[in-house]
Structure formats: C-alpha cells, structure tokens
2 protein chains.
Amino acid sequence: MKMKEIAKMCDVSISTVSRVLNNKSGVRDEVREKVLKVIKETDFTPNIYAQSLTTKKTKTIGVFIPGVDTYFRKIIFGITDFFSKKNYSILLSADRYKNEVENIEFLLNKNVDGIIYFPWYIDNSIDGKIKEFGNKKPFVIIDYEFKDIPCVIQDHYSSMKEIVEFYLKNDKKNLLFINGQEYNYSSQIRKKSFENTLKNNNIHNYKILEASFSIDESYKIIENFFNNNKISDYDGIICCNDSIAISCISYLKSVNVNIPKRVWISGFDDMDIVKYITPSLTSVSYDKYQLGYNAAVLLYQQIKSTNSINKISMNYKIVYRNSTGG
Amino acid sequence: MKMKEIAKMCDVSISTVSRVLNNKSGVRDEVREKVLKVIKETDFTPNIYAQSLTTKKTKTIGVFIPGVDTYFRKIIFGITDFFSKKNYSILLSADRYKNEVENIEFLLNKNVDGIIYFPWYIDNSIDGKIKEFGNKKPFVIIDYEFKDIPCVIQDHYSSMKEIVEFYLKNDKKNLLFINGQEYNYSSQIRKKSFENTLKNNNIHNYKILEASFSIDESYKIIENFFNNNKISDYDGIICCNDSIAISCISYLKSVNVNIPKRVWISGFDDMDIVKYITPSLTSVSYDKYQLGYNAAVLLYQQIKSTNSINKISMNYKIVYRNSTGG
DNA sequence: ATGAAAGCGCTAACAG
DNA sequence: CTGTTAGCGCTTTCAT
C-alpha cells in the first residue's frame, strides 16, 4: 500500500494525502477526515525510506553504550521510552570487533538524526573525535564532559567525596580504594575525588588498587593484593562498583575477616541484589533509567534546535547498609 | 558526497560506480581500482535510504528483548557481533508503553529485513500473532516454540529435570519450587518439568510458589509464604532464577536457617556474581551470548533463503556450589 | 484548497 | 564492458 493508492481511493492527489499525513494546513476538513479514514482502514504507513530520502531526516537515533551488564538495560529503557513517544527508532551500535569510535562512525553512516554516546575506553584521541562528531550531528555524551557538547553526568566526584567523608567521620581513616580499569573516565574521576578528599582532610596515607570491571579478574587481583599486603592495615575499603565489592567481600570472608567489624566496605551502582547479600552492601544509587531519559531529552532538544541546557548532573543517593555498620 | 560526484571524478557513469560499490562484475579491473580509490579518498558511503528505496532491503534487523537486566546485554552482544560483520544494523524496540506485539509491529513498519523476538508475556493471542509475523518477514523466536517458526531455545525442561534429579539423588525429597510469574513461557516449562520429574519418581508431595521476577516483590512473597508455612517441611528449594534465589537465601539467613545444612537451594542463569555470594549458589548456566548469536545465524539464513535448521536447543551446564552442599 | 511535476540518491534493466 | 534511463515512494515547490 502506498500513497498513490490511498490518493486514488480518496479521489484526491497524492499531495493532499501527504499533507494530511504530515498534519499540514491547506486541506478542507471534510477531505482531511476522509483521507484519515482511508488511511486508518487500510492500515497504511508511509515508507520511511522514501520519506528520509526527501526530508534528510530519518527519525532514528543512534546509541552506543558499553558493556555494562547491570544497568545497560535501564539506560536503554529511559532512551526508548522517551523516543518512542516521539515516534523515533533506536539504532544500536555495539559491535565488539569495532572500537567505540568505529561504532559511532557506523551510526553516522546510517544517517541517524542524532547520537547518544557513552564512552568507556577513554584515550587521547577521544576529544578530537567527540568534537568532530558533535559538529556533524546532534550529539549527547553520557558520563564524560567535553567543552560545550551536551552531556548527562553522574556526579562521581561528589558521591565519592560523600562516601569518603562518611568513612572519615566514623573514624575509618586507613582507606583502600579498589578501582576499575583507569582507562574509564568515571574511574579517573572517582580516584581523583578519593585522593583529594583525603588530602583535604590531611590524610596522606592511603592505597589505591586498580582492579577490573570483570568480577573474576577483580577477585584474583584482590586476592593477590592481600597476599602481599596486610588486611589489618585498613579499616575501610571503597569499591568503584558493586561487583568488585562483592568479590572483595567474598575474599575477605574466605579469610575470616569480619565485615563491618574489622573493615567497612562499600560499592557503587546499588544493584537490585546488594541489599540481599551478606552483609548488605552500602552503595551509591543513581537512577539509570532517568539517566537515559535525560540523555534522550537533551538529544531531542538539539534535534529540534531548542536546546537550552547543556549539562545535566544526576542526583545520587548513598544507601547505607550493614557493610558499613548498618 | 554522492555517487554522481564520484562518477564525475572518475570520468565514468554512475552505473559503473554502483557496480563497483556492489561488487558486481562487468567492470575493467583498472576502472574498478580507480573508482575504489576515489571512494576511499572521499570517504564516500552510499545513502542507505536511497538504496533501500530501490532494493526493498534495509540491511537492518529488528530486535525485541524483554526487561531482563542480567543477561539482556549478552544476548544483544551475540546478535550485534554477528550482524555487524554482515554490515547490518540493529533496530531495537523496547518501548514499555507498548505491549510486545505493538513493539513488533513498530519494527515491521520500519521495513526491517527480519526480526528476532524474545517473548516474555505469553497470552492466548500470541500464537496467532507469531504466525502472522512469521509469514511477513524472516522471523526468529527466542525461548518459545511455535510450529515451524525458527527458534532458539534454552532447554529449561531438561535442565530443570537434571536439577530435580540431583536433589532427589541426594535424598532431598521435600521440595519447594519458587517460580517467577507464570505468564512467562520458560516458567511454565520449568514448572511442568519440576512436577513431571517428581511424579516420575513417585513423589507427589511438593509445593510450588509463584513469586516474581522483581527481587523486592519476591522477597515479600517468600517472607509471607514462610510466615504461613514451616520451613522445616522442606529440605530443598529450587528457584527459577538467581535473583529469586538470592532473595530467598537472604530471608532464610534472617531467620537463621543454615544453607545447605538445613535446606538446599539453587538458582538459574548463573549470574557472574553468584559464585561470590554466601553460600555460593548452585545454578544453571546457559551461554547467553551464544544464544543471541545463534538467533542471529538463524535469522540470517532466512534472509538469505538458505535456511536449513529450524530449531537450536542450547547446551546448558549445571554449576554445583555450596548452596547444595558444595 | 488542490494538483502536477521535479527531485531526493540509488539500482537495475536495457542498449550499445 | 559501459552508459542511459526509468523508477523506488515520498515531499515540496509552483501553478492553478
């Protein structure tokens, strides 16, 4: 079924059908209703590829989000919920054989109307690329900042600061920070916040361990670390995400270290399950659904050229549980 | 940049450029190389919307996968890894304001070349819809079977049977099965397998509790259940996924029930973290990445009309850990 | 208010 | 081997 047939059935020209379809003026109410009726009856939907050819708009946005299993889906939900209402589709780019930049270029070639990009591996070339992409298309970054490219960030600096100060306030002053890989921007921020907060409190004795976002690797790194370092040197451990915290707890239990009595521990992300493990895990909670939704809003504003906001900083909440004394 | 310009730069017709682009015969090697060179230099990529208009192929496949956070991403990876190599894109449909069928119809309207559908809410109308969709486009279902529509299934019947028999063999014969919502097809299968296996072993005394795929709801349902039923009635609990198992363990710990001494417990899915919780959780492991990859292969075979296989049943592995005695 | 016609960028006969 | 040309289904001037 195409416009031509609809036009014939209604005894009008295809221009008129087009006008009705696009809700444009210049059609008698009577005619409009008739066309609408036939469209409905025949279940007609215009060919979006023909539309795109003429309008240069694809009503499709591209999304790249890295391999973070635990909240990937929630972010996607936020994005799709917003854009579906606007009748946009979501093109996903997540080929692991390509690097991130290649994934974005792939999306660009698909003529998407805009792109949401959650960088994961940050290297020297990324800023240049982001600038290039941002000039080409409406572009929104998640959890990374570059000049005036609109972005949605989780305020890892503040949340880490709050966590550290919570430890200090409770007299936990021998701290170990277990980070993910430091190619990740959030990791860098959290690390810096951890260090600065301690320095601002005149504490210069602390340890940072670079572990991994893979829980199995993390476990090995942690085990190896404590084979060469005394646990008793620390009364507080801060992990950069919940998985790492879980592997750390697992190790500490295996060597009979009591949490929270001997050492406090906390994570990040507040996964659904962490309130049900033993001990229940103190964690930092960001609304990942809202994160995706906000990114979608920023992108849409750009697409419609009504952009006013450039940066959204997400609210967070620290959920205190038994792993830090209850 | 368009084909016309490339043609001019190479001093050939646009048909020749098209032939080169589509790797067709009928071009002198010399000319082909020249065109290829210019294409590369100018970084030209053909407009896929114009291509689609003529070919009726979009080189895009549609994917609907429900809200299962823990392994959603792995399935997607399997699909994108396969299709990216073929230069296809992935259109994601996941609008929660629409129901599943509406999400599929949305994809259909986008003229995707094929669809991968992981049904979650199964009701009476679904078979008719699947048949309709399967007639329209290449179509692959995950974890559901309908006539000769190609599908990839996790063999929940067999894995559940094996788990149950493992309990029985170890003299755990007072069993409680905690299921997810029964609108889910896999839940139905597992339940049936649980019941049949017991019956085949002449055990008619068992209990099935319908909990929820939401871990918080599950906890409440489990707590409520044990407020009205004695824990000591059971020596084995089988949960339909790891989240439910974790909430169940949490509850049992809160009332000081020793696992595995007083009762065994097991989950499904083998999430990354479950080997690190206490007690480490016995679970059923399916390769979710491969699941997605297989679905992609089946779909591609249909698109290319080389389909031979109709059904792939995934291998599984039961990972025995401390929650069932180690 | 409505229709005719050009054109979006490409592919695929058809000629040569 | 190579070029010409007619669409693909739609939007958008430009007339009427």
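Because the structure is a prediction, the values reported are computed rather than measured. Every chain is numbered from 1 and lettered A, B, ... according to where its sequence line falls, protein lines coming before strand lines.
- Between the NZ atom of Lys59(A) and the P atom of dG9(D) there is a distance of 21 Å, given to the nearest Å.
- To the nearest angstrom, P of dG9(D) lies 18 Å from OH of Tyr49(B).
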Reading nucleotides 10-16 of chain D from 5' to 3' and marking B where a protein heavy atom lies under 4.0 Å of the base, S where only the sugar-phosphate is that close, and - otherwise, the string is BBB----
Donor-acceptor contacts, no H, no angles, side chain residues 6-18 of chain A, under 3.5 Å, sequence neighbours left out:
from     : atom 1 : to       : atom 2 : distance (Å)
Ser13(A) : OG     : Ser15(A) : N      : 3.3
Ser13(A) : OG     : Thr16(A) : N      : 3.4
Ser13(A) : OG     : Thr16(A) : OG1    : 3.4
Ser18(A) : OG     : Asn22(A) : ND2    : 3.4

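- What separates NZ of Lys56(B) from P of dG7(D) is a distance of 13 Å, to the nearest Å.
- Distance, Asp11(A) CG to dA1(C) C1': 15 Å, rounded to whole Å.
- Of the residues listed (Tyr144(A), Tyr121(A), Phe213(A)), the one engaging Asn184(A) in a side-chain contact (heavy atoms from CB on, under 4.5 Å) is Phe213(A), and it is the only one.
- Remark: Glu105(B) engages Lys129(B) in a salt bridge, criterion side-chain N to carboxylate O under 4.0 Å.
- Using a cut-off of 4.0 Å between Lys/Arg side-chain N and Asp/Glu carboxylate O, Lys34(B) and Glu30(B) are scored as not salt-bridged.
- Atom NZ of Lys8(A) is separated from atom P of dG9(D) by 13 Å (rounded to the nearest Å).
- Side chains of Met3(A) and Leu21(A) form a contact here, defined as non-hydrogen atoms less than 4.5 Å apart.
- Within the cation-pi definition used here (under 6.0 Å to the ring centroid, within 45° of the axis), Lys98(A) qualifies as a partner of Phe106(A).
- Between Leu291(B) and Asn294(B), every side-chain heavy-atom pair lies at or beyond the 4.5 Å cut-off.
- Of the residues in residues 107-114 of chain B, not one comes within less than 4.0 Å of DNA chain D through any heavy atom.
- For the pair Lys131(B) and Phe146(B), the cation-pi test (distance below 6.0 Å, angle within 45°) is failed.
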